[in-house]
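First up is the structure itself, then whatever we jot down about it.
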Amino acid sequence: ALVPPPRVVMKFGGSSVRDAERIAEVASLVRAQMVEHSVQPCLVCSAMGKTTNGLLAAADRAIDEGTVDLSTVRALHVETLDALSISGTDASEVVELLDKCERTLEGVALLGELSPRTRDLVVSYGERLSGRVVAATLRRQGVRAKQLEAWDVGVVTTDEFGEATPLDQSWEGIAASLLPVMEEGTVPVVTGFIGKPRGRRLAGHWGRVTTLGRGGSDLTASLLGAAAGFDEVQVWKDVDGILTADTRADCGRQRARADPRICPAAAPVARVTFDEAAELAYFGAQVLHPLAMQPCRRAGVPFRAASSLVKNSYNPAAEGTLISADGSACSETRLVSAITSKNGARLRGEEQGAYGFLARVFAAFDRWRISIDVIASSEVSVSLTLNKNQLLERRSISALEHLPAGVERSEALVGLMADLEQVANVRVSGGHSIVTLIANVGCSSAVVSAVCAAMDRLGIPVQMISQGASKVNISIVVPEERAVEAVQELHRHFFEQPPDCAGAS
Ligand SMILES: Nc1ncnc2c1ncn2[C@@H]1O[C@H](COP(=O)(O)OP(=O)(O)O)[C@@H](O)[C@H]1O
Ligand SMILES: N[C@@H](CC(=O)OP(=O)(O)O)C(=O)O
């Protein structure tokens with residue numbers, strides 16, 4: 001019987017499309033996959049290089065200083081068009097979008113208003129611009145390609161601007177709209193990271209664009225591949241896959257990439273499970289969006305085999321990391337598959353053992369939609385660490401006088417504190433880091449004893465310790481200024497001289 005050609009989502013992140021040279025390489029790579037391996041690709045593209053940060057900064061300037069400056073973003077795109085010899089309608093479409101983006105910023109400056117909805121609209125231009133450049137480049141290389149906005153292929157989201165979630169109704173819409181395009185032999189080039197909320201076509205509908213949170217193109221790729229029943233979702237990065245440890249990933253809304261590698265000996269992990277990848281992403285590894293695993297995991301079980309392959313577009317020969325339902329790298333002898341860390345605030349509440357205390361604490365977190373990362377409780381007190389990035393996403397305010405240095409002042413935190421103070425004596429402290437090990441929890445005693453011995457050797461106080469309910473992570477909370485040392489020592493112990501289950505210490 002004839003084997004149908006493999007259908008694959010190929011997602012290219014900001015670093016893979018950061019300039020003309022990389023975009024040309026992406027186009028060659030896609031063409032090679034089609035010609036040499038008969039792959040039918042659907043591309044998902046992120047904004048070029050640092051464009052998303054540039055657009056966020058431009059929006060902030062428009063509101064804070066009343067000035068409109070799109071020059072860096074404009075120059076990058078215009079130079080790229082020139083370098084790739086893209087002209088005519090293809091080029092004028094890009095320039096028109098840049099003009100539109102500038103007019104949106106003028107509106108912000110003029111009105112002195114920047115709602116989360118408008119911020120999403122401004123940021124969405126990044127992906128819409130890069131997709132057009134990539135599709136035009138493919139066409140110049142003789143590949144039939146069509147740029148499509150995420151909403152053209154059915155991506156429907158909640159209306160939580162800045163951190164929207166795709167709705168289930170997207171699944172049907174994607175299958176119905178993506179496959180016909182591919183069947184006619186066209187490569188769809190879809191905007192990652194963005195969508196449109198459900199709802200009627202209201203006046204002002206054009207402005208209703210949502211974003212899926214920083215790094216959200218990974219989620220778009222996973223969603224498209226899972227919903228359309230593809231054979232594989234490939235997320236092309238600037239690293240050889242998920243590494244055993246990497247940069248200090250905690251960099252807030254702007255996602256700086258300046259930090260050097262924490263562990264020069266960090267190496268790619270050959271395979272991890274969906275759960276392990278999700279935990280790793282949630283606990284700080286910037287390499288994947290924390291929710292990106294969900295669609296692939298969901299489709300992977302009853303309907304279709306979907307897996308993710310993180311590959312490196314700078315080095316296409318590297319194997320990457322295979323993420324699948326049952327592909328853990330942890331074993332009896334390999335106790336840990338990766339280590340990550342992120343900074344956060346710690347909140348300690350004390351109450352005299354009242355019934356319902358924890359329920360009231362959790363209700364307050366629910367009300368303010370703040371996630372708890374690590375929790376330790378006794379009868380009279382509870383210690384929790386809070387997700388700093390999540391607090392930062394809600395714009396900071398300056399009205400909170402009584403927070404200690406190092407704790408970000410955000411509206412959500414002020415509200416949460418006020419609610420918690422009704423039920424407990426609350427103390428908040430900044431300057432903490434969660435160090436997370438994706439580990440074989442079946443050997444948790446060995447892992448925990450090795451972790452504690454390592455911290456003891458360095459004299460690093462372990463402020464909290466927790467074994468995640470997901471059964472794949474073990475986390476410790478340490479002072480922020482010692483987190484790098486802690487990760488380095490743990491990496492040395494678990495990867496540079498692997499222990500075994502019996503002999504770990
Ligand atoms: N455990 C990890 N493995 C690999 N990369 C990591 C890890 N933790 C953080 N990173 C960082 O993630 C970056 C890749 O993610 P990202 O910048 O979002 O890529 P892209 O923009 O191409 O999607 C790497 O350059 C690396 O610095
Ligand atoms: N451009 C968006 C979405 C994204 O996923 O980007 P990247 O693939 O470069 O991480 C961001 O910077 O957040």
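Counting starts at 1 for both ligands and their atoms, in listed order.
- To the nearest 0.5 angstrom, L280 atom CG is 13.5 Å from Y282 atom OH.
- Each of the following atoms of ligand 1 lies closer than 4.0 Å to a heavy atom of G14: 21 (O).
- At under 3.5 Å, not a single nitrogen or oxygen of K237, backbone or side chain, sits near a nitrogen or oxygen of ligand 2.
- The closest approach between a heavy atom of G215 and any atom of ligand 2 is below 4.0 Å.
- Checked by distance only, ligand 2 and G213 stay at 3.5 Å or farther apart across all their nitrogen or oxygen atoms.
- Within the listing of ligand 2, atoms 11 (C), 12 (O), 13 (O) sit less than 4.0 angstrom from a heavy atom of R214.
- Under the rule for a side chain to side chain donor-acceptor pair (under 3.5 Å), the partners of R31 that lie at least two apart in sequence or sit in another chain are Q141.
- With respect to D373 and K342, a salt bridge is recorded, a charged nitrogen being found less than 4.0 Å from a carboxylate O.
- Geometrically, ligand 2 and D218 share no nitrogen or oxygen pair separated by less than 3.5 Å.
- Near G241, with a cut-off below 4.0 Å to any heavy atom, the atoms of ligand 1 are 3 (N), 4 (C).
- Counting the atoms of ligand 2 from 1 in the order shown, those under 4.0 Å from a heavy atom of G14 are 7 (P), 8 (O), 9 (O).
- Using a 4.0 Å cut-off to heavy atoms of E127, the atoms of ligand 2 that qualify are 1 (N), 2 (C), 3 (C).
- Atom-to-atom distance recorded for L148:CG and L43:CG is 11.0 Å, nearest 0.5 angstrom.
- By the 6.0 Å and 45° rule, R298 stacks over the aromatic ring of W171.
- Of the listed residues (S15, G13, A292, S217), the one carrying the non-hydrogen atom nearest atom 4 (C) of ligand 2 is S217.
- Proximity of V44 to F12: side-chain heavy atoms (C-beta onward) are nowhere separated by under 4.5 Å.
- For ligand 1, the atoms sitting less than 4.0 Å from at least one non-hydrogen atom of I242 are 3 (N), numbered in the order shown with element in parentheses.
- Looking only at distances, a side-chain donor or acceptor of T158 sits under 3.5 Å from a matching main-chain atom of T165.
- Heavy atoms of H289 found under 4.0 angstrom from ligand 2: none, in either backbone or side chain.
- With sequence neighbours excluded, the residues satisfying side chain to side chain donor-acceptor pair (under 3.5 Å) with T436 are S475.
- A salt bridge does not link E232 to R7: none of the charged nitrogens lies less than 4.0 Å from a carboxylate oxygen.
- Ligand 2 is approached by G216 to a heavy-atom distance shorter than 4.0 Å.
- Shown in contact with K11 at under 4.0 Å from a heavy atom are these atoms of ligand 1, numbered in order with element: 23 (O).
- Each of the following atoms of ligand 2 lies closer than 4.0 Å to a heavy atom of S46: 4 (C), 5 (O), 6 (O), 7 (P), 8 (O), 9 (O).
- Closest heavy-atom approach to atom 1 (N) of ligand 1 among the candidates T340, L280, L243: L243.
- Close N/O approach between A245 and ligand 1 is not found [any backbone or side-chain N/O within under 3.5 Å].
- Note: no N/O pair closer than 3.5 Å links D218 and ligand 1 by distance alone.
- The line from OG of S16 to NZ of K237 is 8.5 Å long, rounded to the nearest 0.5 Å.
- Within the listing of ligand 2, atoms 8 (O) sit less than 4.0 angstrom from a heavy atom of K11.
- Residue S16 has no N or O atom closer than 3.5 Å to an N or O atom of ligand 1.
- The closest donor-acceptor contact from the side chain of S222 to the backbone of C296 lies under 3.5 Å.
- Judged purely by atom type and a 3.5 angstrom limit, D120 uses its side chain to pair as donor or acceptor with the backbone of G162.
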